[in-house]
Amino acid sequence: MSIADFHSHSIRSDGVLTPTELVRLAAGNGVRLLALTDHDSMEGIPEAVAAASEAGIQIIPSIEMSTDIPGDEAHVLGYFLDPEDADLQRTLAGMRDSRVARGEGMVRKLHSLGVEISWERVKEIAGDASVGRPHVAKALIEAGHVATFDEAFERYLAKGKPAYVERDKLTPEDAVRFIIDHGGVPVLAHPREIDNLDAVLDSAVPAGLAALEVYYRSYTPADIQRLLQFARTRGILPLGGSDFHGHGSDGERKPGDIPLTEETIARFLDASGQRIGEARIRPYRHSLTVS
Ligand code: AMP
Ligand code: ZN
Ligand code: FE
Ligand code: FE
């Protein structure tokens, strides 16, 4: 277990726990510093901050953005963003709107394939969340069209599969700039999954990428060594998190269940402090050093 977890999701995107439940679970696991990184949404942050204050832990207000790379996508995490930044929130709301149109598009494509699920049901499943393919996948499972999440993606929803619908996404480089422009700290998520990591880093590092998610879910010691080498070569920091969603899927890790050394945590917070100013970082560091 680790005292920090830099990657987690709530019902405000495709996680199953409310921000309050997530914070309590994390705190119970010994996490003192939790980044809530919902996809394109900071709507869960106020609730998470309130629950964290009750539990005596700290929240890093964060997001996860999907970006376009040739033939694939890359996810960029943005930390220490301001939930009250109106321009940022407007942009994120626009991204969530584009997810709605794309969700409807996927349901239409499924219909044309003879796979019936209702858009109403997908919306119900998503609730207050930023709509995503996991919600469509859940509707597919419910209707008996597939047995598992993985099957839903493999048969229909993954990029290149028949019900996939593209949506407007930034490039990794633009996402990095966007996060920095809003005072945040950009980190490349689950990089093992990116085939041409060098190409992504070639553009994202000069744009200001701060770290690489080296410690993640089922990454093996060999994966970690390889990714640490990428981080070292590029002069960026290693980071990590559980990416907990609460689906209970294979290989899921609980909040806090990604060991990070105190040095990894402290170096990232120090670097973030330089970027965003000591005034905002100090409370987080304080809570880490006293607890
Ligand atoms: P979206 O944000 O709508 O593009 O959906 C992306 C989310 O779907 C990711 O964050 C994963 O949680 C999930 N996902 C993507 N690809 C797969 C896959 N092949 N199998 C299972 N889940 C996936
Ligand atoms: Zn997710
Ligand atoms: Fe991701
Ligand atoms: Fe994630």
Side-chain angles (χ1 to χ4, degrees), residues 5-17 19 22 35-44 62-69 71-79 92 95-107 109-110 119 122-123 125-126 129-141 146-170 172 175 179 186-195 200 212-219 239-253 255 258:
D5 190 332
F6 291 96
H7 195 158
S8 69
H9 296 273
S10 77
I11 50 163
R12 291 302 186 150
S13 63
D14 52 356
V16 305
L17 299 186
L22 172 69
L36 176 58
T37 56
D38 277 319
H39 301 275
D40 301 337
S41 177
M42 298 183 76
E43 299 292 299
S62 312
I63 54 170
E64 182 170 13
M65 303 175 85
S66 309
T67 69
D68 246 337
I69 55 176
D72 201 357
E73 60 180 59
H75 291 182
V76 179
L77 297 155
Y79 295 101
L92 294 177
M95 290 175 175
R96 295 196 293 275
D97 288 345
S98 86
R99 286 173 165 277
V100 170
R102 175 230 203 186
E104 287 179 288
M106 287 191 285
V107 171
K109 276 197 164 177
L110 286 164
W119 170 240
V122 174
K123 273 199 302 193
I125 290 170
S130 155
V131 184
R133 284 178 288 169
H135 304 114
V136 179
K138 202 159 175 198
L140 283 167
I141 295 171
V146 296
T148 64
F149 259 79
D150 284 344
E151 191 188 344
F153 278 87
E154 281 321 298
R155 283 178 66 184
Y156 301 115
L157 303 175
K159 192 161 181 166
K161 301 296 173 179
Y164 181 77
V165 176
E166 197 49 84
R167 67 189 174 93
D168 283 341
K169 291 199 286 287
L170 302 174
I179 289 162
V187 174
L188 188 63
H190 36 75
R192 187 190 71 183
E193 278 56 58
I194 300 171
D195 287 338
V200 173
L212 205 55
E213 196 176 46
V214 165
Y215 307 98
Y216 184 78
R217 282 199 193 159
S218 57
Y219 285 11
L239 200 67
S242 64
D243 201 4
F244 176 77
H245 285 73
H247 291 134
S249 46
D250 283 356
E252 180 161 272
R253 304 286 285 264
I258 295 291

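Start at 1 and go down the list; that is how both ligands and their atoms are numbered. Not measured: the values here are computed from a predicted model.
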Cationic N near anionic O, under 4.0 Å, Glu166 to Arg102: no
Side chain, backbone, both or neither: Leu157 near ligand 1, heavy atoms under 4.0 Å: neither
Atom indices of ligand 1 within 4.0 angstrom of His39 heavy atoms, with elements: 10 (O)
Whether Pro134 lies under 4.0 Å from ligand 1, heavy atom: yes
Distance, nearest 0.5 Å, that separates CG of Leu22 from CD1 of Ile11: 10.5 Å
Side-chain donor-acceptor contact under 3.5 Å, His135 with Asp14: no
Steps toward side-chain contact (heavy atoms from CB on, under 4.5 Å) verdict (Arg96, Val131): CA-CA 7 Å; Arg96 295 196 293 275; Val131 184; over 6 Å; no
Polar contact flag for Arg133 and ligand 1 (N/O pairs, less than 3.5 Å): yes
Min N/O separation Arg99 to ligand 1 under 3.5 Å: yes
side-chain contact (heavy atoms from CB on, under 4.5 Å) evaluation trace for Val107 with Lys123: CA-CA 11 Å; Val107 171; Lys123 273 199 302 193; over 6 Å; no
Nearest-0.5 Å distance that lies between atom CZ in Arg217 and atom CZ in Arg253: 10.0 Å
Numbered atoms of ligand 1 (with element) below 4.0 Å of Gly132, judged on heavy atoms: 3 (O)
For the Zn ion (ligand 2), the closest N/O/S atom belonging to Asp14: OD2
Shortest protein heavy-atom distance from atom 15 (C) of ligand 1, along with the residue and atom involved: Phe153 CE2, 3.4 Å
Side-chain donor-acceptor pair present, His75, Glu193, cut-off under 3.5 Å: no
Contact bool for atom 11 (C) of ligand 1 (protein heavy atom, d < 4.0 Å): no
Side chain, backbone, both or neither: Met95 near ligand 1, heavy atoms under 4.0 Å: neither
Contact with ligand 1 for His135, non-hydrogen, under 4.0 angstrom: no
Point-to-point distance, once rounded to the nearest 0.5 Å, from OG of Ser249 to CG of Asp150: 7.5 Å
Ligand 1 atoms in contact with Asp150 (distance to a heavy atom under 4.0 Å): 20 (N), 21 (C)
Test log, rule side-chain contact (heavy atoms from CB on, under 4.5 Å), inputs Tyr219 and His190: CA-CA 9 Å; Tyr219 285 11; His190 36 75; 3.2 Å; yes
4.0 Å heavy-atom contact, Glu64 with ligand 1: no
Within-cut-off N or O pair, Ser66 and ligand 1, under 3.5 Å: no
Check against side-chain contact (heavy atoms from CB on, under 4.5 Å), Leu188 and Val76: CA-CA 5 Å; Leu188 188 63; Val76 179; 4.2 Å; yes
Sphere of radius 2.8 Å around the Fe ion (ligand 3) - protein N, O or S atoms inside: Glu64 OE2, His75 ND1, His190 NE2
Angle subtended at the Zn ion (ligand 2) by His245 NE2 and His39 NE2, rounded to 10 degrees: 140°
Interatomic distance, Ile194 atom CD1 to Thr67 atom OG1 [nearest 0.5 angstrom]: 7.5 Å
Backbone of His7 reached by a side-chain donor or acceptor of Asp243 within 3.5 Å: no
Close side-chain approach of Ser66 and Arg167, heavy atoms under 4.5 Å: yes
